[in-house]
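In what follows, chains are A, B, ... by sequence order, proteins preceding strands, each numbered from 1. Computed from a predicted structure; not experimentally measured.
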Amino acid sequence: MPELPEVDTTVRALRPKVVGQELRSLRVFDPKLAKLPALLNFPAKVEELSRRGKYIIFALPQKLLVVHLRMSGRLAWDEGRGVPKHSRLILEFPEGRVVFIDSRRLGTVEVTEEFREELGPDALGDLSFLDEVLAKSKVPIKVWLLDQRNIAGLGNIYVAEALFLAGIDPRRQASSLKPPEIARLKKAIHQVLNEALAAMGTTLSDNAYRTPAGETGDYEPRVYGKEGLPCPICGTPIERIELGGRGTFFCPHCQK
DNA sequence: TCATCCCTGTGG
DNA sequence: CCACAGGGATGA
C-alpha cells in the first residue's frame, strides 16, 4: 500500500510520540518475527525516527529497527491494551505503543547495525540527476520509475499520477524522453508527491492505509484505478494495461 | 528482463 | 470462483 507520502506521513506522526522515549519491549504475534526481541537490549531509547525511500528506521543505541510496510502494512499509535486484528508486532512505550498491522504479512521488520539498501536518490529531493540517467535505460519509463534503485519512494499510484501530469505514455522507453518531457516529469513527480503529502496519502479502500491515528489519506488519484472512467482533462476513457507485472493506468489521448 | 513467489483479503 | 491488490526478492 504505502508509497513515499504514506510512509512519510506515518513517520511524521510517530516521531513526536517515540523519539526520546524508551522502548520497553517487543510483543510478537507472527512466527516470522520471532527472533526480533532477542536482538535488542531493553529498554532502548529511540534516538531518531526517519524515512529512507519507503523504509521506516527506528534508531536505537547501536541498532536500527527497520520496517518496510510492503503492500498491506501500517503502523498505528494507541494507548490501548488489546491486540488489533492482523497485529504482527507491538512496540511498547511508557505512554503508548506502535502496532504493526499487516494483513498480508508481506511487510518486513529487521534489526541491523547499518542500513544497507540500494536506493536511488529520494523522489522528493533534487531530480536533476534524471537528465543523465534516463538516457541510459531502455526500459519503459513506468518500470524505471518503480525501481527503487533508480529513484526511491515512488510506487504504482504516484508513478501513474506523475506520468499523467507530465503527459507521458508509461510505455515509452526511458531513453526516448526529450529534455522538455524530462522537465515536465520532474515537476510532475514533485507536484504529485506534495499534493499527496498535504492529503496525508491515499486510502483506496476500507481496510487499507491509515495514518497512525487511524485517519484516512485523502489524495484522490486522477488516473490510478480509474479504468473506463473519463480522463479528467479530455474525457477519453482511462485505459489499463500491464507493465512490469503491474496494473498501469493512463489516458491514451493525453499521454504520448 | 520476465515469471514466480511471498501472503491474505476483497470485489466482480 | 477468479482476478487483482499501494512492494520487492529471486531464479531462470
Side-chain angles (χ1 to χ4, degrees), chain A residues 1-11 29-33 51-56 66-75 84-89 100-110 112 115-120 122-123 136-164 170-175 189 192-193 195-197 199-211 215-229 238-250:
Chain A
M1 93 175 120
E3 308 180 27
L4 185 153
E6 291 77 24
V7 175
D8 206 72
T9 299
T10 297
V11 166
F29 303 93
D30 181 335
K32 278 184 174 178
L33 306 179
R51 173 185 70 75
R52 294 277 293 274
K54 302 177 194 171
Y55 290 84
I56 297 167
V66 181
V67 178
H68 196 300
L69 302 171
R70 296 286 181 98
M71 295 291 268
S72 59
R74 64 191 189 90
L75 298 182
K85 194 173 184 185
H86 302 307
S87 295
R88 299 182 61 200
L89 182 69
F100 177 40
I101 299 167
D102 182 18
S103 61
R104 287 177 71 180
R105 299 197 298 133
L106 297 174
T108 59
V109 183
E110 59 177 342
T112 57
F115 184 78
R116 289 197 165 283
E117 294 295 333
E118 293 179 33
L119 295 179
D122 195 84
K136 297 176 189 163
S137 174
K138 293 193 235 175
V139 306
I141 184 63
K142 184 265 172 73
V143 173
W144 193 93
L145 291 169
L146 274 183
D147 190 331
Q148 303 300 298
R149 295 169 299 187
N150 295 329
I151 178 170
L154 297 174
N156 213 19
I157 294 181
Y158 301 115
V159 164
E161 299 291 292
L163 288 172
F164 173 73
R171 296 166 291 193
R172 294 268 304 278
Q173 272 192 2
S175 59
I189 289 170
V192 161
L193 292 179
E195 285 178 3
L197 282 166
M200 298 196 302
T202 304
T203 297
L204 285 177
S205 70
D206 204 32
N207 230 352
Y209 159 79
R210 297 291 165 114
T211 71
E215 306 147 297
T216 57
D218 297 325
Y219 179 86
E220 179 57 39
R222 294 167 170 86
V223 293
Y224 180 84
K226 305 293 186 185
E227 182 182 16
L229 296 175
I238 299 301
E239 284 186 15
R240 180 191 183 281
I241 60 173
E242 196 116 336
L243 264 187
R246 318 288 303 277
T248 301
F249 300 86
F250 69 105

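Distance CE (Met71(A)) to P (dG6(C)): 5 Å, rounded to an integer number of Å. In this structure, Glu242(A) places its CD atom 15 Å from C1' of dT1(B), rounding to the nearest Å. As rounded to whole Å, 11 Å separates atom C1' of dC4(C) from atom CD of Glu227(A). One atom, OH of Tyr224(A), and another, P of dC4(C), lie 12 Å apart when rounded to the nearest Å. Between Asn150(A) atom CG and dT1(B) atom P the separation is 11 Å, expressed in whole Å. Taking atom CG of Asp147(A) as the reference point, atom P of dG7(C) lies 12 Å away to the nearest angstrom. In this structure, Glu110(A) atom CD and dG8(C) atom C1' are separated by 13 Å, rounded to whole Å. Atom CG of Leu146(A) and atom P of dA5(C) are 12 Å apart (whole Å).
Distances shown here put every side-chain N or O of Gln148(A) at or beyond 4.0 Å from the OP1 or OP2 atom of dG7(C). OP1 or OP2 of dG6(C) sits under 4.0 Å from a side-chain N or O of Arg246(A). OP1 or OP2 of dT1(B) has not a single side-chain nitrogen or oxygen of Lys138(A) nearer than 4.0 Å.
With respect to Arg149(A) and Asp147(A), a salt bridge is recorded, a charged nitrogen being found less than 4.0 Å from a carboxylate O. The residues Asp102(A) and Arg70(A) are annotated as not salt-bridged, no charged nitrogen and carboxylate oxygen being separated by less than 4.0 angstrom. Using a 4.0 Å cut-off between a side-chain N of Lys or Arg and a carboxylate O of Asp or Glu, Lys226(A) and Glu220(A) qualify as a salt bridge.
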Query raised in the report: Nucleotide by nucleotide, 5' to 3', does protein get under 4.0 Å of the base (B), only the sugar-phosphate (S), or neither (-) in nucleotides 2-12 of chain B, counting heavy atoms?
Result: ----BBBSS--
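Formation of a donor-acceptor pair under 3.5 Å by the Glu6(A) side chain with backbone atoms of Glu3(A) is found in this model. Between the side chain of Arg105(A) and the backbone N or O of Gly107(A) there is no donor-acceptor pair closer than 3.5 Å.
More than 12 heavy atoms of other residues, nucleotides or ligands shown are found within 6.0 angstrom of CD on Glu242(A).
In a base pair of the Watson-Crick type (N1 to N3 plus N6-O4 or O6-N4) or a G-U wobble (N1-O2 and O6-N3), with each distance short of 3.5 Å, dC7(B) is matched with no nucleotide.
Contact of the Ile157(A) side chain with the Leu204(A) side chain is registered, since non-hydrogen atoms from C-beta on lie closer than 4.5 Å.
Within the 4.0 angstrom heavy-atom criterion, no nucleotide atom of any strand lies near Tyr158(A). In this structure, Arg149(A) reaches neither bases nor backbone, as no heavy-atom distance under 4.0 Å exists between it and the strands shown.
Taking the C1' atoms as reference points, dC6(B) lies 22 Å from dC1(C), given to the whole Å. For the P atoms, the distance linking dA3(C) with dT4(B) amounts to 14 Å, nearest Å. Taking the C1' atoms as reference points, dT10(B) lies 22 Å from dG8(C), given to the whole Å. Rounded to whole Å, the separation between the C1' atoms of dC7(B) and dC4(C) comes to 14 Å.
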Report task. Just do the side-chain hydrogen bond (donor to acceptor under 3.5 Å, both in side chains) check on Thr202(A) and Tyr158(A) with the steps written out, would you? Result -> CA-CA 10 Å; Thr202(A) 304; Tyr158(A) 301 115; 2.6 Å; yes
